[in-house]
J.: 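The following block contains the structure, expressed as structure tokens.
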There are 2 protein chains.
Amino acid sequence: MIAQLDPNGAEDTRHRILRIAFQLFHEQGYHATGVATIAREANVNPGSLYHFFESKDALLLAVLDFALDYLGPAVMDPVEQATTDPVERVFVLLQNYRQRMARESCRLGCPIGNLALEVSDGNPAARELLHKNFENWTGRVERWLTAAGDRLPRDVDRRRLARFVLTVMEGGLMQSRAAGHLGPFDEATALLRDYFSRVGVSTARSRRGRKTRHAKGKVTKR
Amino acid sequence: MIAQLDPNGAEDTRHRILRIAFQLFHEQGYHATGVATIAREANVNPGSLYHFFESKDALLLAVLDFALDYLGPAVMDPVEQATTDPVERVFVLLQNYRQRMARESCRLGCPIGNLALEVSDGNPAARELLHKNFENWTGRVERWLTAAGDRLPRDVDRRRLARFVLTVMEGGLMQSRAAGHLGPFDEATALLRDYFSRVGVSTARSRRGRKTRHAKGKVTKR
DNA sequence: GTCTATAGAGTGATAGAC
DNA sequence: GTCTATCACTCTATAGAC
């Protein structure tokens, strides 16, 4: 990654454009965000923007590349600092997404997921980078699950389970945005936790000695 | 629903616009699709389009309303004709989505899901209709699960499980579009089936006497 | 209801001085 | 690298004859 701070700690212009573009694409989508708006919000002139990126399309690719580096410091590292329990990290991660959604009144959702549905079809290079972002995300979760060792049954495929976590999260975020409340997301994460339990993942909860009958508050009625 | 066919079986102009707009929004997204394109594809003049819909925004709402009626005949009814087994209907439904994705080389995805992520935030009326579309979908699946009677443990919340089916499907479609292949979608549906099995849903498979250890080819390694 | 024509704003992108 | 100015085009939406 190219340096983004000069010796005085000021942010690189190119980096500032990327950060703002990433944010605006997240808030408004790719097609709904004009180049002029990005330039204005980033305090640069349109001409300067086109000095760094030869087209809006090229900017999108750079943003998706930027997102690859953004994930760790902004999303995953805080989770690892919040808890050392590798299984619980999965659910702290989901709760952090929940907090963000709550803060935004169920708007925005996942920046990568949004772009995946908006620009994948007509843009192979973007599609590839979106895929890498997802793999980046699931790779990190997979490492947690692997670190959990024998707390997962040996025959559980860690990678598949990690991808399933992403599947459930994206599906839950989508429905919560349409619903306008966090109910669907909470339901989805509850059923995911139930699945973990039934698969035989020993969670912090179950290790605290609580009797797990898989059931309460998950797929089963209360 | 307003009549869409005249006595000669010709399609109503308004209905044709809605059908074409629904298709184009699905293929290209809302913002990427121009009103002029919709008019051209529907063989009407822009002026005529604005005779029926006072704005592009109003057209979107009408399309989302159109989708509510579209779901049954185009998506759900064929599933009910394909199998009478209420549990298997869930997985036939998922396989039908899979077939559509395969036919389109992992493009397009779910028309409602795409719009949910693109237009929910800035358009409360659209958000409400998108939510209704999801509820429409899950309501139908819930009816199947309810019809399955005691093949599901009594304490399983049918509605929650139906929403989870949608969650997994949307998450799987999203990742398959980014990946460019059906692997993620197939994985997601396999893990969903595994969850059904572990929850204690008796499927056509398990009723055929196959020994279910939940495991093979699902979350567990082969 | 349908047609042609076009307004007025906004779009992505470029030129060329500094 | 940054600035101003602007091009060529597309966008949504409208006017008004038929």
Side-chain angles (χ1 to χ4, degrees), chain A residues 2-25 27-64 66 115 118-119 122-123 125-126, chain B residues 2-25 27-64 115 118-119 121-123 125-126:
Chain A
I2 297 166
Q4 57 198 65
L5 297 180
D6 71 13
N8 301 325
E11 189 183 19
D12 195 47
T13 300
R14 183 189 140 93
H15 187 269
R16 190 170 66 253
I17 295 172
L18 287 173
R19 182 173 54 78
I20 296 287
F22 180 60
Q23 183 189 328
L24 289 172
F25 289 164
E27 291 172 1
Q28 309 184 319
Y30 175 72
H31 289 102
T33 304
V35 174
T37 305
I38 297 169
R40 181 169 18 88
E41 294 289 308
N43 283 311
V44 299
N45 303 297
S48 299
L49 193 150
Y50 279 96
H51 168 74
F52 292 103
F53 310 99
E54 70 171 348
S55 67
K56 187 186 182 185
D57 200 83
L59 174 58
L60 171 64
L61 299 185
V63 162
L64 291 174
F66 167 84
L115 288 172
E118 194 184 355
V119 306
N123 192 332
Chain B
I2 298 166
Q4 56 200 63
L5 297 181
D6 70 12
N8 300 326
E11 189 183 18
D12 196 45
T13 300
R14 184 189 140 92
H15 187 269
R16 189 169 68 252
I17 295 172
L18 287 173
R19 182 173 53 80
I20 295 288
F22 180 61
Q23 182 189 330
L24 288 172
F25 288 165
E27 290 172 1
Q28 310 183 321
Y30 176 72
H31 289 101
T33 303
V35 174
T37 305
I38 297 168
R40 181 168 17 88
E41 294 290 309
N43 282 311
V44 299
N45 302 298
S48 299
L49 193 152
Y50 278 95
H51 169 73
F52 291 103
F53 309 99
E54 70 171 347
S55 68
K56 187 186 181 184
D57 200 83
L59 173 59
L60 171 63
L61 299 185
V63 162
L64 291 173
L115 288 172
E118 193 184 356
V119 307
D121 288 359
N123 192 332

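Bear in mind that the values here come from a model prediction, so they are computed numbers and not experimental data.
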J.: Taking NE2 from H31(A) and C1' from dT12(D), how many angstroms apart are they, rounded to a whole number?
T.: 17 Å
J.: Do V44(A) and H51(A) pass the side-chain contact (heavy atoms from CB on, under 4.5 Å) test, and can you show the C-alpha distance, the side-chain angles, and the key distance before you say yes or no?
T.: CA-CA 11 Å; V44(A) 299; H51(A) 168 74; over 6 Å; no
J.: I need a per-nucleotide contact map over nucleotides 1-10 of chain D, read 5' to 3'. Cutoff is protein heavy atoms under 4.0 Å; write B for the base, S for backbone only, - otherwise.
T.: SBBB------
J.: So what does T33(B) touch, heavy atoms closer than 4.0 Å: a base, only the sugar-phosphate, or nothing?
T.: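 The residue T33(B) makes sugar-phosphate contact but no base contact.
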J.: For dA13(D) and Y50(B) - does any side-chain N or O of the residue sit under 4.0 Å from the phosphate oxygens OP1/OP2?
T.: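 Indeed, a polar side-chain atom of Y50(B) lies that close.
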J.: Is any side-chain heavy atom of L18(B) closer than 4.5 Å to a side-chain heavy atom of L59(B)?
T.: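 Of all side-chain heavy-atom pairs linking L59(B) with L18(B), at least one is under 4.5 Å.
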J.: In whole angstrom, what separates F53(B)'s CZ from dT12(D)'s P?
T.: 15 Å
J.: Mind calculating the distance between CD (E54(B)) and P (dT12(D)) to the nearest angstrom?
T.: 16 Å
J.: Rounded off to whole Å, could you give me the CG-to-P distance for the L24(A) and dG12(C) pair?
T.: 12 Å
J.: Given side chains that start at C-beta, do those of E11(B) and R19(B) come closer than 4.5 Å, heavy atoms only?
T.: yes
J.: Check whether any side-chain heavy atom of E27(B) sits under 4.5 Å from a side-chain heavy atom of L24(B), and report yes or no.
T.: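 With C-beta onward as the side chain, the pair touches.
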J.: Would you say the side chain of D57(B) lies within less than 4.5 Å of the side chain of Y30(B), judging by non-hydrogen atoms?
T.: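 They are in side-chain contact.
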J.: Any side-chain heavy atom of N123(A) sitting closer than 4.5 Å to one from L61(A)?
T.: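 Touching, per the 4.5 Å side-chain cut-off.
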J.: Could you state the NZ-P distance from K56(B) to dG10(C), rounded to the nearest angstrom?
T.: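 That distance rounds to 15 Å.
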